[in-house]
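In what follows, chains are A, B, ... by sequence order, proteins preceding strands, each numbered from 1. The figures that follow rest on heavy atoms only: side chains count, while hydrogens, waters and symmetry mates do not.
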2 protein chains.
Amino acid sequence: MNIGTAAKRSGVLAKTVRYYEGVGLIPPAMRRANGYRRYHDVDVQTLRFIHRARGLGFSVQSVADLLALWRDQNRASADVRDLALQHVDDVARKIQELETIRQALNDLIEKCHGDNRPNCPILADLAGITDGTDYDRRNDD
Amino acid sequence: MNIGTAAKRSGVLAKTVRYYEGVGLIPPAMRRANGYRRYHDVDVQTLRFIHRARGLGFSVQSVADLLALWRDQNRASADVRDLALQHVDDVARKIQELETIRQALNDLIEKCHGDNRPNCPILADLAGITDGTDYDRRNDD
DNA sequence: GCTTGACCTTACTGCTGCTGGAACGTGGAT
DNA sequence: ATCCACGTTCCAGCAGCAGTAAGGTCAAGC
């Protein structure tokens with residue numbers, strides 16, 4: 001099959017397949033006489049694997065590692081698990097950061113009237129005004 | 001003061017200050033006779049504003065919008081609030097995505113023995129094996 | 001006067017992970 | 001003959017900086 005078919009069957013865009021080849025995530029495809037890349041079912045499987053792993057947020061480098069383990073019949077499942085643990089750790093940390101941000105934003109939003117008047121605790125906070133002054137009676141900036 | 005001092009006082013790296021000037025987030029600084037950029041307290045205030053806004057995850061473009069509102073004495077606080085609401089929405093969506101990923105990863109990790117043996121439900125899942133077969137009695141790939 | 005070291009300047013490259021476009025060749029149907 | 005969908009390569013661009021090169025400047029110490 002050509003790249004378009006492999007792309008459709010795997011869920012990876014043809015453009016992205018070429019990119020993956022370019023960065024070495026997948027080996028260079030065999031070519032037909034006309035120069036077209038030729039793919040087989042096994043390649044589609046690999047692309048699906050990649051697609052799922054990327055969907056779980058693994059970096060392209062990590063996907064490369066996972067692929068290597070997948071192909072290694074003598075792998076230890078502990079190595080795969082470690083990769084996943086490392087990743088879930090990163091994800092958890094990222095979630096924490098975003099939760100902190102969300103909380104801070106919600107606090108600020110709650111305090112802001114959101115009307116026609118210029119006074120705004122959000123801007124006041126960004127500007128570094130953090131005292132307890134009633135923002136309705138002062139100039140934020 | 002020079003850029004290094006402004007950087008230290010604001011928390012923004014000197015390099016980043018130049019970048020912000022380059023992309024138009026802040027106006028070009030006045031120069032001394034020797035070509036050095038010269039900053040004043042008001043610039044440090046602006047940089048701190050930017051630093052905080054970036055810390056809350058606002059994009060550089062959004063920070064530009066916030067800065068414009070900050071400087072606009074006739075702004076409506078509703079406009080600021082809308083920006084914040086839009087952003088907190090994006091953050092919440094991102095958190096949701098990451099939560100979904102985390103859940104999926106944890107489910108997989110839980111199923112994986114993580115020992116010396118090659119059998120690994122994580123790889124099996126990525127490979128698309130999703131039936132209920134006991135993974136201990138089959139070959140994942 | 002000279003060196004040292006910290007600071008400043010510009011300009012360019014690289015990072016992640018694609019995505020879009022230009023400019024062109026190919027294949028199959030009408 | 002023509003058309004369109006598909007394929008090819010290469011180059012540029014997104015965000016938001018960080019790193020590095022190759023220099024200029026300035027104050028302090030000897």
Return the value, rounded to whole Å, for the distance between atom [atom1] of [X] and atom [atom2] of [N].
{"X": "A:Y39", "N": "D:dC6", "atom1": "OH", "atom2": "P", "value": "16 Å"}
{"X": "B:L25", "N": "D:dA15", "atom1": "CG", "atom2": "C1'", "value": "13 Å"}
{"X": "A:E21", "N": "D:dT9", "atom1": "CD", "atom2": "C1'", "value": "12 Å"}
{"X": "A:L56", "N": "C:dG17", "atom1": "CG", "atom2": "P", "value": "14 Å"}
{"X": "B:L47", "N": "D:dG16", "atom1": "CG", "atom2": "P", "value": "16 Å"}
{"X": "B:M1", "N": "C:dC8", "atom1": "CE", "atom2": "C1'", "value": "16 Å"}
{"X": "A:Y19", "N": "C:dT16", "atom1": "OH", "atom2": "P", "value": "8 Å"}

Side chain of A:Y36, base of C:dG25: donor and acceptor closer than 3.5 Å?
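It does, because a donor-acceptor pair links the side chain of A:Y36 to the base of C:dG25 below 3.5 Å.
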Once hydrogens and angles are ignored, does a donor-acceptor distance under 3.5 Å link the base of C:dG17 to the side chain of A:K15?
no
What does A:R38 touch in the nucleic acid at a heavy-atom separation under 4.0 angstrom: a base, only the sugar-phosphate, or nothing?
nothing
Sugar-phosphate, base or nothing in reach of B:R32, heavy atoms under 4.0 Å
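The answer is nothing, as B:R32 stays clear of every strand by at least 4.0 Å.
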Out of [options], which nucleotide sits closest to the side chain of [X]?
{"X": "A:I3", "options": "D:dC17, D:dG7, C:dG17", "value": "D:dG7"}
{"X": "B:N34", "options": "D:dC26, D:dC17, C:dC7", "value": "D:dC26"}
{"X": "B:N2", "options": "C:dC8, D:dT9, D:dT25", "value": "C:dC8"}
{"X": "B:T16", "options": "D:dG16, D:dA18, D:dC6", "value": "D:dA18"}
{"X": "A:R18", "options": "C:dT9, D:dG7, D:dG16", "value": "D:dG7"}

[X] vs [N]: side-chain N/O to OP1/OP2 distance below 4.0 Å:
{"X": "B:R54", "N": "D:dA15", "result": "no"}
{"X": "B:R37", "N": "C:dT10", "result": "yes"}
{"X": "B:Y20", "N": "D:dC17", "result": "yes"}

Taking C-beta and beyond as the side chain, do B:H87 and A:L105 meet within less than 4.5 Å on heavy atoms?
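The answer is yes, as the side chains (C-beta and beyond) meet within the 4.5 Å cut-off.
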Quick one: are B:L56 and A:L126 in side-chain contact, heavy atoms under 4.5 Å?
yes
To the nearest 0.5 Å, tell me how far B:Y20 OH sits from B:R18 CZ.
14.0 Å
Is the number of heavy atoms from other residues, nucleotides or ligands within 6.0 Å of CG (A:N34) greater than 12?
yes
I'd like to know if the side chain of A:R81 and the backbone of B:C112 have a donor-acceptor N/O pair within less than 3.5 Å.
yes
